[in-house]
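Residue numbers count from 1 along this sequence.
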Amino acid sequence: MSNSHGGSARADERSDCIVDAFRRLVERRASDVAVVSPVRRATFGEIDALSRAAAARLRAAPIEATSLVGLAAPNGPAFLAGFLAIRRAGHAALLLDHAAPRDDQQRVVDVLGASCVLDCDHGWPSSVGDLRVSALDRVSIARSMGDLAVVKLTSGSTGVPRGVAMDAETQLADAVAFASSMRLVAGDRFLTTIPLSHAYGFTILALSALVRGSTLVLPGDWGPFPPLHAGEELGATVFPTVPAYVQGLLKMSRPPALPSRLRLVVSAGATLPSPVASRFRRTYRQDVHVLYGASECGGICYDREGGAAERGTVGAPLDGVRLSIEPRSEDRDGEGIVVVESPAVGSTYLPEPDPRLEQGRFETSDTGVLAGGELALRRRVDRVINVRGRKVDPSEVEGVLAGLGGVDEVVVIGVATPGRDEEIVRAVVACSTGRLAHEDVLAWCRTRLAEHKVPRSIVIVDAIPRTSRGKVDRAALLDADLPYLADPAGRG
C-alpha cells in the first residue's frame with residue numbers, strides 16, 4: 001500500500017464530521033499505524049490514499065448522487081478505506097455482512113435500495129484494484145439518501161431485511177458517548193474480532209480508529225487462541241467481544257491467559273449470564289464489563305465499574321442517554337418497555353418507517369426495571385409465544401431451565417405446529433457434558449411450569465448456534481428437521 005496521502009479536502013469530495021475528523025487525523029499522524037496484525041500493518045496515510053482512489057472509482061460509476069452503496073469487506077484496511085470512499089464520493093454506506101452468502105447480500109441491497117456494492121475479498125488489499133465496484137442486476141429501487149451517512153442492518157421479527165439510517169452527526173454522537181462512558185483514549189489498542197460492519201463493531205472499533213486514531217489489532221487466524229496471541233504480541237488494551245467467546249474460554253479445562261496489557265473486556269450483543277461473569281472474574285481477576293445497545297440507537301447502558309452482570313443488570317445509561325420505563329397493563333410493579341432518548345438515535349427504518357423510531361426516541365422491544373440507577377432487563381415483548389390462545393413468555397421458561405443442573409445455556413422459541421395454525425414451545429438446551437436427556441428436561445419443567453408452558457419440543461445440543469454477529473441463530477433453532485416430542489401431559 002502506498003504511503004501517499006492528501007492533507008486537504010478535494011473540491012468534489014463529500015464532507016461530513018467523520019471524514020473531516022479523519023482528514024485532520026491524517027494531517028497529524030499519517031505515518032502512525034491504524035491497523036496491525038502479527039504479519040501486516042497499515043498506516044492512516046495508506047488508508048487515506050486507498051480511500052481517495054476508491055472514491056474516484058465510485059464517482060466514475062453510473063449511479064445517482066447521494067445513493068445507497070453497499071460495503072462488503074472483512075475487517076482490516078479494506079473496510080475502513082471502503083467506508084471513507086463511499087462518504088467521500090457523496091453516498092451513504094450500507095454496512096453488509098461480508099460473511100453472508102452472496103444471495104443474502106443481494107436480497108438485502110435489493111430490499112433496501114442500494115445502487116451498487118463496493119466489495120473486497122480480503123481485509124488487506126494490495127491496491128485499489130482489489131476494491132470492486134459491482135453493479136447490481138436485480139435492484140427494484142434506487143434510494144436517494146440525502147444527508148444520511150450510514151445504514152446498519154438490524155434483526156427483525158419478520159425475517160425481511162431491515163436497516164437503520166443515520167446521519168454522520170448521529171453516528172459520531174454515539175462514538176463520543178462510548179468514549180466518554182468507557183474512558184477510552186487515543187492510545188488504546190483494540191483487539192478486533194467482531195465484524196466492523198456490525199453496529200457494535202462499527203462504533204467501538206471502526207470509529208475509534210477513524211476519529212480518535214486508535215489502533216486496531218487483528219488476529220492472524222481464526223479460532224479462540226489467535227486473538228489472544230495477537231493481543232499479547234501487539235499490546236492490545238481493550239477487547240470488545242461477545243458472551244459466546246467468553247463462555248468458550250471458560251469451558252476449556254485450562255482457560256488461556258488474557259493479553260498482559262488488557263485493561264478492559266467488554267461483552268455485548270447478548271445477555272452475559274451472571275455465573276459466567278462471576279467465573280470470568282475469579283479466573284482472570286478482572287471484571288468483564290457488559291454493554292447494552294441496539295442498532296437503532298447505539299449504546300444504551302454500560303457497566304462502568306464492573307460486576308453488573310453478576311448483579312443481574314446491564315449497567316447505567318451511557319453519557320447523554322435518557323432512559324424511561326413505560327409500563328403496560330400486563331407488567332409488574334416498576335416494569336415496563338425500555339424507551340431511549342439520545343443524540344445517537346437513528347433517523348428512520350428502511351425500507352419502511354416505524355413510529356417506534358423517530359425524532360430522537362426509540363422504543364425497544366425489551367421490558368426492564370430501573371434499580372439503583374442501573375437497568376435490569378426482564379423480557380422481550382416480541383418473543384411471546386401463543387399456545388392454543390394462551391401466552392407464554394420464553395424468558396420464564398428459560399429462567400426455569402437455567403436452574404437445571406447440566407444446562408449451560410437455553411433458548412426458548414415458538415415453533416409452528418406442522419399442519420396446524422398454532423405454536424408449540426421449543427426449548428433448545430446447550431449441555432456440553434452430554435449428560436442431560438430429554439426426559440430430564442421434561443420432568444424438570446412439568447413440576448415447575450403450567451402445562452401449556454412445558455416445552456413440546458426439546459432439542460439438546462453441545463452449544464447454542466449463533467450467527468456471525470454473535471447473536472442466537474433463530475433460523476437454525478427453527479429447523480424443521482429438529483424432533484418434536486409427544487404432548488407433555490401424556491396425551492400423545
Side-chain angles (χ1 to χ4, degrees), residues 6 8-27 34 44 47-48 51-52 54-55 58-59 63-71 73 79-96 112-115 118 143-154 163-180 184 196-214 293-299 318-321 340 342-350 357-360 362:
S8 60
R10 292 169 44 121
D12 59 350
E13 177 180 295
R14 176 69 171 264
S15 177
D16 70 20
C17 56
I18 297 173
V19 173
D20 291 345
F22 182 73
R23 185 171 58 248
R24 292 191 296 269
L25 176 65
V26 172
E27 290 172 352
F44 292 105
I47 291 172
D48 181 57
S51 74
R52 291 179 184 276
L58 281 169
R59 282 191 288 268
I63 57 177
E64 298 294 327
T66 69
S67 289
L68 183 60
V69 174
L71 174 60
F79 182 92
L80 300 179
F83 172 76
L84 290 169
I86 292 170
R87 294 301 297 140
R88 281 175 157 158
H91 305 298
L94 169 59
L95 306 183
L96 298 170
L112 298 187
S115 295
L118 179 65
R143 189 179 301 277
S144 176
M145 299 303 294
D147 292 331
L148 297 174
V150 184
V151 175
K152 302 175 180 178
L153 298 181
T154 183
V164 178
M166 295 184 169
D167 59 33
E169 290 76 14
T170 297
Q171 184 57 73
L172 185 59
D174 192 27
V176 170
F178 274 125
S180 173
L184 303 176
L196 300 181
S197 60
H198 298 174
Y200 175 27
F202 182 74
T203 304
I204 291 184
L205 297 170
L207 291 189
S208 288
L210 297 178
V211 174
R212 286 197 309 280
S214 300
S295 299
E296 290 86 347
C297 62
L318 267 73
D319 297 349
V321 173
V340 182
S342 84
V345 173
S347 301
T348 187
Y349 280 117
L350 297 179
L357 175 66
E358 59 182 8
Q359 298 179 341
F362 171 53

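- In this structure, CD in Glu64 is found 9.5 Å from NE2 in His91, a value given to the nearest 0.5 Å.
- By the 4.5 Å heavy-atom criterion applied to side chains, Phe83 and Leu196 are not counted as neighbours.
- Considering every non-hydrogen atom in both Met166 and Gly346, the closest pair reads CG-CA, 3.7 Å.
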Practice prompt. Step by step, work out the side-chain contact (heavy atoms from CB on, under 4.5 Å) result for Asp16 and Gln171.
Written response: CA-CA 11 Å; Asp16 70 20; Gln171 184 57 73; over 6 Å; no
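- For Ser208, the side chain to side chain donor-acceptor pair (under 3.5 Å) partners two or more places apart in sequence, or in a different chain, are Arg212.
- A salt bridge links Asp48 with Arg52: the closest approach of a Lys/Arg side-chain nitrogen to an acidic carboxylate oxygen falls below 4.0 angstrom.
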Worksheet item: When you look at Thr170 and Val150, which way does the side-chain contact (heavy atoms from CB on, under 4.5 Å) test go after all the steps?
Response: CA-CA 10 Å; Thr170 297; Val150 184; over 6 Å; no
Worksheet item: Between Ile47 and Phe22, does a side-chain contact (heavy atoms from CB on, under 4.5 Å) hold up when you go through it step by step?
Response: CA-CA 10 Å; Ile47 291 172; Phe22 182 73; 4.1 Å; yes
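- Using a 4.5 Å heavy-atom cutoff, the side chains of Leu350 and Met145 are in contact.
- Across Asp319 and Ala177, no two heavy atoms sit closer than the pair O-CB, 3.5 Å.
- Rounding to the nearest 0.5 angstrom, the gap separating the CG atom in Leu148 from the OG atom in Ser347 is 5.0 Å.
- Rounded to the nearest 0.5 Å, atoms CZ (Arg88) and CZ (Arg23) are 7.0 Å apart.
- Taking the side chain to side chain donor-acceptor pair (under 3.5 Å) definition, one finds that Thr348 meets it with nothing, sequence neighbours left out.
- Nearest approach of Ala209 to Leu80, heavy atoms of both residues: CB-CD1, 4.4 Å.
- The CZ atom of Phe202 lies 7.0 Å from the CG atom of Leu210; values are rounded to the nearest 0.5 Å.
- A distance of 12.0 Å separates CG of Leu58 from CZ of Arg87, quoted to the nearest 0.5 Å.
- Looking at Ser342, its side chain does come within 3.5 Å of a backbone N or O of Ala344 through a donor-acceptor pair.
- The two atoms that bring Leu357 and Glu296 nearest to each other are CD1-O, 3.8 Å, heavy atoms only.
- Nearest heavy atom pair, residue Gly70 against residue Ile86, reads O-CD1, 4.2 Å.
- Atom CG in Leu94 sits 10.0 Å away from atom OG in Ser197 (nearest 0.5 Å).
- Residues Gly360 and Val345 share a closest heavy-atom pair of O-CG2, 3.5 Å.
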